[in-house]
Amino acid sequence: MSQAAEDPAELVIDERFVVATRRPAPSIGGVDAVEVTHRGGSGRFVALRVGNGVPPRGRAAAFTGAGAGLIAPAAQHVSAAASWFVVGQPASPALGAQTAPWSEAQIITHLIRPVAACLVTLQAQGLTHRAIRPDNVFGGADQPAVLGPCWTSSAASGQDARAESPWVAVCPPQARGEGTIADDVYALGALALALHLGHQPMPGLPDSVIIERKLEFGSFGAMTADERIVPGLADLLRSMLADDPDQRPAAATLADLAVRRERRGVRRVAARALRPLEIGECAAWNLPMLVLAIGRSPHDGVRLLRSGAVSQWLRRAMESPAIAARLDELINAAPDADHDGADSLLALRAAVILDPKAPLLWEGRFLWPDAMGAILYAAVLSRDTAAIESVRRALRADAIGRWGHATGRPASQVDLGGWLQRARSWRGEGVADPILRLFYTLNPRLPCLSPVLEVLRIVSPTEMIAAIEAGLADGRLPVDAGRGWIDGHVAAFLAARDDVAALRSDVDAARHVAGGADLALLAGLQARHRGVACPQLARTLLPPLRETLQGRPGRTRRAAIIAEVEQHAARGDLPRMMSAMADKRRVQLDTAAQDAARERVAELRRKLELLRDGRAGFAARAQRLAGEIGIGTGLLALAATAFVVFIT
Amino acid sequence: MARAASPRARTAPAPGARRLPAFLWLKGVLCGAVLMVSPATMIVIAALFAPLVAIVATDASPSRATTRTAILFALAASLRLLVSLWSSGGDVATAIAMARDPRSLLCGWLAIGAAWLLLEVISIVLRLAFEISARMAETRHRSEIETLLAEWGE
């Protein structure tokens with residue numbers, strides 16, 4: 001995936017925003033920004049530059065109507081070098097710049113209520129923010145807070161372990177998923193706590209330790225240890241920072257929150273064992289920590305599960321015989337370790353039994369299934385074969401389906417079941433690599449990343465033909481005769497975003513035309529989407545077709561079909577080229593004519609043989625005929641003489 | 001008691017043995033009869049048909065076409081002479097006189113020669129015609145093969 005392209009010094013977006021790509025402005029939410037001039041309008045704008053290596057969220061346009069509490073994209077543009085989002089410049093600095101502790105009233109009035117109101121709007125649209133953190137919320141102690149942009153990267157990928165619940169923070173940044181509004185409520189609670197304290201909680205600790213402490217003591221307990229918090233606010237934050245998302249208050253409740261009203265948060269901390277269970281380098285004191293330990297050392301964890309050590313620890317140290325019994329049942333029913341994926345599935349199911357709120361554990365990695373798009377994005381862009389194969393194994397083992405069935409819940413508002421069903425139906429379909437198809441399906445804003453077409457930034461199959469033609473015309477694509485247009489990425493891109501049934505039909509048609517796969521797929525595209533005439537593209541397709549046509553029988557017929565295909569190519573009519581190439585009736589007639597010609601040649605050769613052999617008998621035959629003629633002449637002469645002598 | 005082999009049982013002719021012409025005996029009887037009835041006729045015929053001996057000796061064709069043609073031509077040439085011989089009483093002296101007449105002899109012998117020449121010429125012409133026809137067909141076939149191969153390949 002090349003990143004060689006560079007944008008011009010000025011870009012005009014939507015004919016009203018002039019983006020000065022070389023004049024940097026203060027970053028927003030950690031995203032690079034440049035200055036923008038708004039033609040004939042008021043307001044101050046900047047443009048956020050998101051490099052192609054960062055996965056933007058699929059529904060960026062949906063955030064436009066999120067209301068005043070969110071910095072929404074006013075316009076956007078995808079260029080060869082980056083994605084550009086024009087946004088209004090925040091009126092206030094980021095809350096992360098403020099060091100003075102906020103009072104409970106300031107927090108409720110200027111932070112929780114306005115942000116919660118915005119979250120209610122997002123929730124109504126089926127969206128989450130997942131980027132609530134000190135440097136991405138703007139405002140002050142005397143004015144309502146405004147949420148910064150969230151669509152510039154995959155959900156929650158910019159959050160540190162303090163801003164997310166432990167079962168979200170434990171996942172790699174790209175594997176956290178869209179989540180739910182409850183996750184935003186948690187992040188809002190973490191931000192409120194930081195503002196109240198005047199500094200970040202648990203300062204100086206690495207993320208891994210923060211996660212461990214949150215799992216061991218509960219998020220609120222871990223984050224407020226040795227800190228003084230106003231009792232009323234403490235109850236509110238305890239509920240917002242509950243580790244169980246179901247225990248957190250709804251955004252609507254927070255939006256109507258009254259100051260100094262009595263609130264009671266539920267304090268639930270996982271039961272602690274009498275002694276820890278050592279797995280790898282991790283000591284598990286409770287069930288969530290046991291899941292974390294198995295996830296961090298999957299090999300050791302599965303070994304201890306199979307040996308019964310974990311069940312024993314559950315019975316003796318945790319006093320949880322019911323969970324131990326379920327675990328024993330699972331282990332007894334599990335296939336042997338040498339079975340394909342057996343250990344990974346055992347760890348996955350054990351994690352669900354030990355803590356149903358934990359994310360999916362697969363091959364030592366925690367992930368939320370609705371983050372699959374971002375996971376694949378990161379894996380494909382970095383060409384992380386191990387990660388891609390891991391996803392492939394997960395799909396093959398139906399790991400996500402099993403996890404969803406065992407937990408009885410989808411991971412988030414994303415239609416988990418829908419794309420799982422699609423992923424299953426794609427197996428063995430043969431049109432394109434299922435993983436790449438999933439990659440393009442789950443990243444709908446992503447352009448085709450084929451090395452052949454990447455420079456064109458094609459997002460939709462409808463624009464593919466026109467984009468290639470334009471690229472060939474303006475020199476962005478080299479006119480390299482005989483090159484292949486359809487590689488694995490293009491096939492997967494089309495399979496993910498075009499009509500699969502039609503695509504399959506194109507592929508079937510291509511099977512009858514040697515070297516015509518590119519033509520079949522591109523012709524299908526042009527026909528389906530009423531694409532523009534593409535003579536330049538057609539010209540690049542001609543050399544392999546000519547080569548194929550050279551195998552057709554009959555010089556005259558061959559010349560005729562080549563001329564016809566070239567004629568269609570000159571007009572840029574790919575469907576007609578394809579129909580000429582794949583005309584079965586024509587091929588049958590040509591073949592029949594060739595067979596007839598061969599039979600005629602054989603017959604003529606037989607005649608030549610006969611002529612050669614018959615030449616030896618010419619003398620005898622001539623002599624015989626001469627004899628017959630002579631006898632006839634003699635009889636005639638005798639008769640004539642007799643007539644003269646006897647009659648006259 | 002074993003039955004004796006039939007004396008009429010035929011044995012197959014040895015390979016290479018020359019078969020005598022059919023009805024040869026009949027021809028002999030016929031010639032003998034003519035000699036007995038009209039020796040004068042036989043004298044005239046013998047004189048006029050004398051070159052036939054050479055033709056019979058050289059005619060190797062199974063049908064003896066040259067011999068037969070020569071006989072027919074010779075008969076046609078000697079018919080008037082024979083009729084006048086028979087008209088004049090058919091005595092041997094007249095026959096000898098006729099046989100010694102150079103014009104009669106020349107007429108008979110020329111007829112035999114003409115028959116031989118005619119057959120040879122016809123034979124040569126026919127061979128030539130066959131050869132030309134074959135060559136023309138060969139050329140036509142080769143040309144068609146070349147056209148077909150150029151169009152359709154092997």
Side-chain angles (χ1 to χ4, degrees), chain A residues 550-560 590-648, chain B residues 59-84 87 111-112 114-154:
Chain A
Q550 288 303 327
R552 286 282 185 91
R555 189 177 53 181
T556 311
R557 291 169 186 246
R558 192 163 52 235
D590 289 355
T591 309
Q594 187 185 34
D595 291 344
R598 280 179 178 158
E599 281 176 19
R600 176 68 181 154
V601 167
E603 183 189 344
L604 289 170
R605 281 177 173 157
R606 277 196 302 276
K607 283 185 177 174
L608 282 176
E609 287 286 324
L610 287 175
L611 282 173
R612 245 191 315 276
D613 296 344
R615 192 162 278 150
F618 280 177
R621 195 170 150 210
Q623 206 168 10
R624 192 175 66 247
L625 268 175
E628 287 169 7
I629 293 169
I631 290 170
T633 313
L635 283 172
L636 198 65
L638 185 59
T641 309
F643 179 79
V644 169
V645 170
F646 295 116
I647 307 300
T648 58
Chain B
D59 187 2
S61 66
S63 61
R64 304 268 178 187
T66 313
T67 307
R68 290 178 186 179
T69 306
I71 289 171
L72 288 171
F73 271 67
L75 273 176
S78 57
L79 189 60
R80 183 181 292 274
L81 204 62
L82 288 173
V83 168
S84 68
S87 306
I112 290 169
W116 173 83
L117 189 64
L118 179 70
L119 252 63
E120 287 301 315
V121 168
I122 288 174
S123 177
I124 288 169
V125 167
L126 283 175
R127 275 167 62 183
L128 204 60
F130 289 158
E131 189 67 32
I132 289 169
S133 163
R135 286 194 180 218
M136 282 171 69
E138 205 173 277
T139 307
R140 204 169 52 247
H141 293 345
R142 284 191 193 285
S143 166
E144 191 176 344
I145 287 173
E146 278 176 17
T147 308
L148 287 169
L149 290 181
E151 178 67 32
W152 298 100
E154 276 294 342

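Bear in mind that the values here come from a model prediction, so they are computed numbers and not experimental data. Letters go in sequence order (proteins before strands), and every chain restarts at 1.
Counting heavy-atom pairs closer than 4.5 Å to chain A, the top-ranked of the candidates B:Ala65, B:Ala70, B:Ser63, B:Ala77 is B:Ala65. Of all the listed residues (A:Arg557, A:Glu603, A:Arg558), the one sharing the greatest number of non-hydrogen pairs under 4.5 Å with chain B is A:Arg557. Each of B:Arg142, B:Glu131, B:Arg135 has some count of heavy-atom pairs under 4.5 Å with chain A, and the biggest count is that of B:Glu131. No other option in B:Glu138, B:Arg68, B:Arg80 has as many heavy-atom pairs under 4.5 Å with chain A as B:Glu138. Your options are B:Leu128, B:Thr69, B:Thr66, and the one with the most heavy-atom pairs under 4.5 Å with chain A is B:Thr69.
Residues satisfying the salt bridge (Lys or Arg N to Asp or Glu O under 4.0 Å) test with A:Glu628, not counting sequence neighbours, are none. By the salt bridge (Lys or Arg N to Asp or Glu O under 4.0 Å) test, A:Arg598 is found to be paired with no residue, residues two or more places apart in sequence or in another chain being considered.
Of the two parts of B:Ala134, the backbone and the side chain both hold a non-hydrogen atom closer than 4.5 Å to a non-hydrogen atom of chain A. Both the backbone and the side chain of B:Ala150 come within less than 4.5 Å of a heavy atom in chain A. For chain B, no part of A:Arg624 is nearby; none of its heavy atoms comes within less than 4.5 Å. Only the side chain of B:Leu118 comes within contact range of chain A, with heavy atoms under 4.5 Å apart.
A:Gln623 contributes no side-chain N or O that, together with a main-chain N or O of B:Ser123, makes up a donor-acceptor pair within less than 3.5 Å.
Considering all non-hydrogen atoms of both residues, A:Ala597 and B:Trp152 come closest at CB-CD1, 3.2 Å. Residues A:Gly630 and B:Phe73 come closest through the heavy atom pair O-CE1, 4.0 Å.
The CG atom of A:Leu625 sits 13.0 Å away from the CZ atom of B:Arg127 when rounded to the nearest 0.5 Å. Once rounded to the nearest 0.5 Å, the distance linking CG of B:Leu148 with CD of A:Glu599 reads 12.0 Å.
The stretch residues 609-617 of chain A places A:Leu611, A:Arg612, A:Arg615 near chain B, each with some heavy atom under 4.5 Å from a heavy atom of that chain.
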Name the atoms and distances for all side-chain donor-acceptor pairs under 3.5 Å in residues 631-643 of chain A, with sequence neighbours left out.
unit_1: A:Thr633; atom_1: OG1; unit_2: A:Ile629; atom_2: O; d: 2.6
unit_1: A:Thr641; atom_1: OG1; unit_2: A:Ala637; atom_2: O; d: 2.7

